[in-house]
S.K.: 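Sharing a structure, written as structure tokens. Questions coming.
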Amino acid sequence: MSAFWLLCALLASSPVESGPGEEDPVVPTSGVAPEGSRPSSVPAAEAIPSPEPETPPTGEGAPAPEGAQTPPVAGTTVRAARPARSASEVTLDREILQSAPRTGAVDLLRLVPGLVVSQHGGEGKAHQLFLRGFDALHGQDVELNVGGLPVNEVSHVHALGYADLNFVIPEVVRELKVTEGSYRAFQGDFAVAGTVRMELGLEEPGVLLAGTVGQYGQRRVVAAVRPGDDEETFAAVELGEGRGFGPRRSFGKASLLAQAATELETGAGAVRVRALAGSYTTRFDTPGVVREDDVRAGREDFYAAPLGRQGGSAVRHQLLLGMELPRSGSSRTGVEVFGIVTDLRLRNNFTGFRVDERGDGLEQTHDARTLGVRLEHRRRFSVWGREVAGELGLGARRDGAEQTQRRYRESDGTFFSEEVDASFVQTDVWGYVEAQVPLGRWRLLLGGRADALGVNVFDALAFRDPRYYDGRGYSRSAFGVHAGGKAGLELALTERWRLFASYGDGFRSPQARSLAEGERAPFVSVRGAELGARREGARLAGQLSLFGSQVKDDFFFDHTVGTTVFTGETVRAGATAALQARPWEGVTAALSATGAHARVTATDTLLPYFAPLVARADVGWERELRVWGEALEVSAGTGLTLIGPRPLPFDEYSRAVFLADVQWGVRRGALGLRLEVKNLLDARWRDGEFVYGSRMDPEAPASLVPSRHFTAGTPRTASLTLEVHL
């Protein structure tokens, strides 16, 4: 912690002043889509640009390197995004996102290198995530952020870090910023396997109207408007519904996202302000799981839903207000405040009648409110004659929730047992600091982060026992601190090639209801390290990394049986390769492959459910043709996914999955038509596979023998979208 306070003191020292008109250089974050090259009328989404030392020229008259930016004209302001400081940081821009069908958040996340996204809970439940050897369940090991709004929910009744992205309208997502691992100081709670941030913006000015019809009753309407030149200022509404490709898969939803960004001139300089608001509601059914032996015996169809009453509803309302203060010398300061309200009602039954002859169904409710504030300050300062780029972050987040869990009777849906009736208030206060020191061709990155967590819990069911007739619940509180270091070493081999060595401590907060009175809140800590290389370039960029991580006291929540499984120490190792290319005009490609290995140290056994092999290829093509003297824009794209067999409990493995999605589009002036086909080969694949004991037929004899279960993946599905651009 001494290094943490030393860096804080250095950031408070006198800054290195910029000369008249001097601006921070533009530093690309992926090499494919250099950011920050837009004038002030179209600012970058990053609220607080990163102050970087000037790059020395390559020589008078030397040609500009690949991907170099044109110098800004006088009077414009250039904003630089936070630069990549590890081998596995990557930005996926709009061209890559549009190269394959993307009708929802699940399609966007599948472009992240190594990330497996399962939608086995239906169209309204949060996705299950797998990354870098972690089974992140519904978000406990992957930090998700949309336009500055956190998505992961603390101490959620269904799963720790529950992150529901179904409110996202894909048409207004302009890029994904991915930071795999936990090597950067700005990464917070749940950033164990990595962080994914979605930046928002509407591509074209004017009005967009889009209507989609497809198989299985799919209907979707999107209306969006961008009133000016700034793509960050927009409003969009999405309405969608469908009956699904099998029983118990119907859904309906509505989502609104609106953002406004502008610059205000003051006596001290320009102030950049931004507001982001959204509302979302959905009602959905869930098919549940099917026993593999029932399908083989012909008792159930592959797409069956053996039990009814599963599904739920969700609501999310959110607001963010941000401000970038006037620039002072080399200093940049930004402040954001945000508020989020979420409600979830969810019914699941994974085991049928194994536990109780009335049924094992659980209904969970979680009504939460989040308030938060964060400040980021960046500046350049001098240490022993060397110019250092520093960043200081401070913030706080207060979460309060009421949650219940009750068992319901399968015959009529009435409740017969209460298991959870609790409320909690959880407050996280954090600070971090990060500084980069140039040492010739080397750069040294040092940082640290500290989070203090205070929790108050009221358990209404405590002491509800006939022997304690006067019991009326029990309250308790806990407090804990997590402090971790970050370090990195970077070597510039050439103008385009860099080598990296990175280390970082990540963490996830505990489940509030599990804490005892006066307990020191036990964070789950991960130590991670990475060696890698990256190539920058506008036409060709790539990353290659070898990674490893160790979790001392690991656990995961097995939602199939509703219990927490403690595993002790776990270790993970693997490699990731990613390539983004524009080999020819109009062609965009993004390729990635990740191999991972995860095991429990004490038993030397594989962790269940993680993904050992994940490969993804997205290729898009666009071209303008002249047909009968008229300009016609045509496009085509494909997204290919390969997921290798995953280890399951009891030494079993899941089946390999290969999926091919394609799209074709044509546009003439204001009208556009797009055909999308998902699972083109009509593979009969299993989105989720599990092994545990169950009894789906109440008349069958009870048995605890584990059996394979699965949720069916989407069959071949075609949809047609008509777009009108006004």
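Owing to the predicted nature of the structure, the values given are computational and were not obtained by experimental measurement.
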S.K.: Would T365 and T404 satisfy side chain to side chain donor-acceptor pair (under 3.5 Å), going step by step from the backbone distance to the final call?
M.R.: CA-CA 5 Å; T365 66; T404 66; 2.5 Å; yes
S.K.: The test is side chain to side chain contact (heavy atoms under 4.5 Å, CB included); show your working for Q318 and F338 and say whether it passes.
M.R.: CA-CA 7 Å; Q318 52 200 348; F338 55 87; over 6 Å; no
S.K.: Please confirm whether the backbone N or O of T714 pairs with a side-chain atom of W685, one donor and one acceptor, at under 3.5 Å?
M.R.: yes
S.K.: Minimum heavy-atom separation for P287 to Q310, with atom names?
M.R.: O-NE2, 3.9 Å
S.K.: Run H156 and L344 through side chain to side chain contact (heavy atoms under 4.5 Å, CB included) and show every step you take.
M.R.: CA-CA 10 Å; H156 198 278; L344 175 70; 3.4 Å; yes
S.K.: For the pair T282 (side chain) and G252 (backbone), establish whether a donor and an acceptor sit closer than 3.5 Å, ignoring hydrogens and angles.
M.R.: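 A pair under 3.5 Å: yes.
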S.K.: Report yes or no: does N145 contribute a side-chain atom to a donor-acceptor pair with the main-chain N or O of M198 at less than 3.5 Å?
M.R.: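 Between the backbone of M198 and the side chain of N145 there is no qualifying donor-acceptor contact (under 3.5 Å).
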S.K.: Under the salt bridge (Lys or Arg N to Asp or Glu O under 4.0 Å) test against R94, which residue among E622, E175, E231 passes?
M.R.: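 Going through E622, E175, E231 one by one, the salt bridge (Lys or Arg N to Asp or Glu O under 4.0 Å) with R94 is satisfied by E231 alone.
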S.K.: Looking at R623, I'd like to know if its CZ atom is crowded, meaning that more than 12 non-hydrogen atoms belonging to other residues, nucleotides or ligands lie closer than 6.0 Å.
M.R.: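 Counting neighbours around CZ of R623, 12 or fewer heavy atoms of other residues, nucleotides or ligands fall under 6.0 Å, so no.
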S.K.: Would the F690 and H709 ring centres measure less than 6.0 Å apart?
M.R.: no
S.K.: Has E624 got more than 12 heavy atoms of other residues, nucleotides or ligands less than 6.0 Å from its CD?
M.R.: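 Atom CD in E624 is packed in, count exceeds 12.
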S.K.: What's the spacing between S155 OG and D399 CG if we round to 0.5 Å?
M.R.: 8.0 Å
S.K.: Under the 3.5 angstrom rule, does the side chain of R274 hit a backbone N or O of E336 as a donor-acceptor pair?
M.R.: no
S.K.: Compute the centroid of each ring, for H138 and then for H158, and state whether the two points are separated by less than 6.0 Å.
M.R.: yes
S.K.: When you compare the side chains of Q128 and D135, does any donor N or O come within less than 3.5 Å of an acceptor on the partner?
M.R.: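 Looking only at side-chain atoms, D135 and Q128 do form a donor-acceptor pair, the distance falling under 3.5 Å.
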S.K.: Determine whether the aromatic ring centres of residues F130 and Y609 are separated by less than 6.0 angstrom.
M.R.: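 Ring-ring flag for Y609/F130: false, centres at least 6.0 Å apart.
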S.K.: If you take all heavy atoms of L625 and V634, which pair is closest and at what distance?
M.R.: CD1-CG2, 3.9 Å
S.K.: Run the side chain to side chain contact (heavy atoms under 4.5 Å, CB included) test on E263 and E324 for me, step by step, so that the C-alpha distance in whole Å, both residues' side-chain angles and the decisive distance to 0.1 Å come before the verdict.
M.R.: CA-CA 9 Å; E263 287 191 353; E324 181 185 340; over 6 Å; no
S.K.: Mark yes or no for whether R716, through its side chain, and V677, through its backbone, hold a donor-acceptor pair below 3.5 Å.
M.R.: no
S.K.: What heavy-atom pair brings W584 and R539 nearest, and what distance separates the two atoms?
M.R.: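 What the structure gives for the nearest pair is N-NH2, 4.4 Å.
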S.K.: How long is the span from the CG atom in L129 to the CG atom in D141, to the nearest 0.5 Å?
M.R.: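 Spacing of CG (L129) from CG (D141) equals 9.5 Å.
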S.K.: In plain terms, say whether R197 and E143 are close enough for a salt bridge, that is, a side-chain N and a carboxylate O under 4.0 Å apart.
M.R.: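 Looking at E143 together with R197, the answer is no, because their closest N to O distance does not fall below 4.0 Å.
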S.K.: Using modelled atom types and a 3.5 Å cut-off, is there a donor and acceptor pairing between side-chain atoms of N152 and backbone atoms of L144?
M.R.: yes
S.K.: With distance as the sole test, does R226 use its side chain to make a donor-acceptor pair with the main-chain N or O of G228 at under 3.5 Å?
M.R.: yes
S.K.: Is a salt bridge present between E199 and K177, judged by a nitrogen-to-oxygen distance below 4.0 Å?
M.R.: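 Yes, E199 and K177 are salt-bridged.
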S.K.: Work out which heavy atom in P247 is nearest to a heavy atom in A305; give both atom names and the distance.
M.R.: O-CB, 3.8 Å
S.K.: Keeping D93 on the side-chain end and I96 on the backbone end, is there a donor-acceptor pair under 3.5 Å?
M.R.: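 Yes.
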S.K.: If you measure from the Lys or Arg side-chain nitrogens to the Asp or Glu carboxylate oxygens, is any gap between D687 and R646 under 4.0 Å?
M.R.: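 Salt bridge absent between D687 and R646.
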S.K.: Side chains of T195 and Q187 only: does a donor on one sit below 3.5 Å from an acceptor on the other?
M.R.: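 The answer is yes; a qualifying pair exists.
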S.K.: Regarding T342 and E153, is there a side-chain donor-to-acceptor distance under 3.5 Å anywhere?
M.R.: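 The answer is yes; a qualifying pair exists.
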S.K.: Can you tell whether the side chains of R616 and D618 come within less than 4.0 Å, N to carboxylate O?
M.R.: yes
S.K.: Would you check if the side chain of R249 reaches a backbone N or O of Y303 as a donor-acceptor pair within less than 3.5 Å?
M.R.: yes
S.K.: Of K678, Q218, Q663, R674, which meets side-chain contact (heavy atoms from CB on, under 4.5 Å) against S719?
M.R.: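 One option only clears the test, and that one is Q218.
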S.K.: Between E123, E723, E171, which is the residue that forms a salt bridge (Lys or Arg N to Asp or Glu O under 4.0 Å) with R220?
M.R.: E171
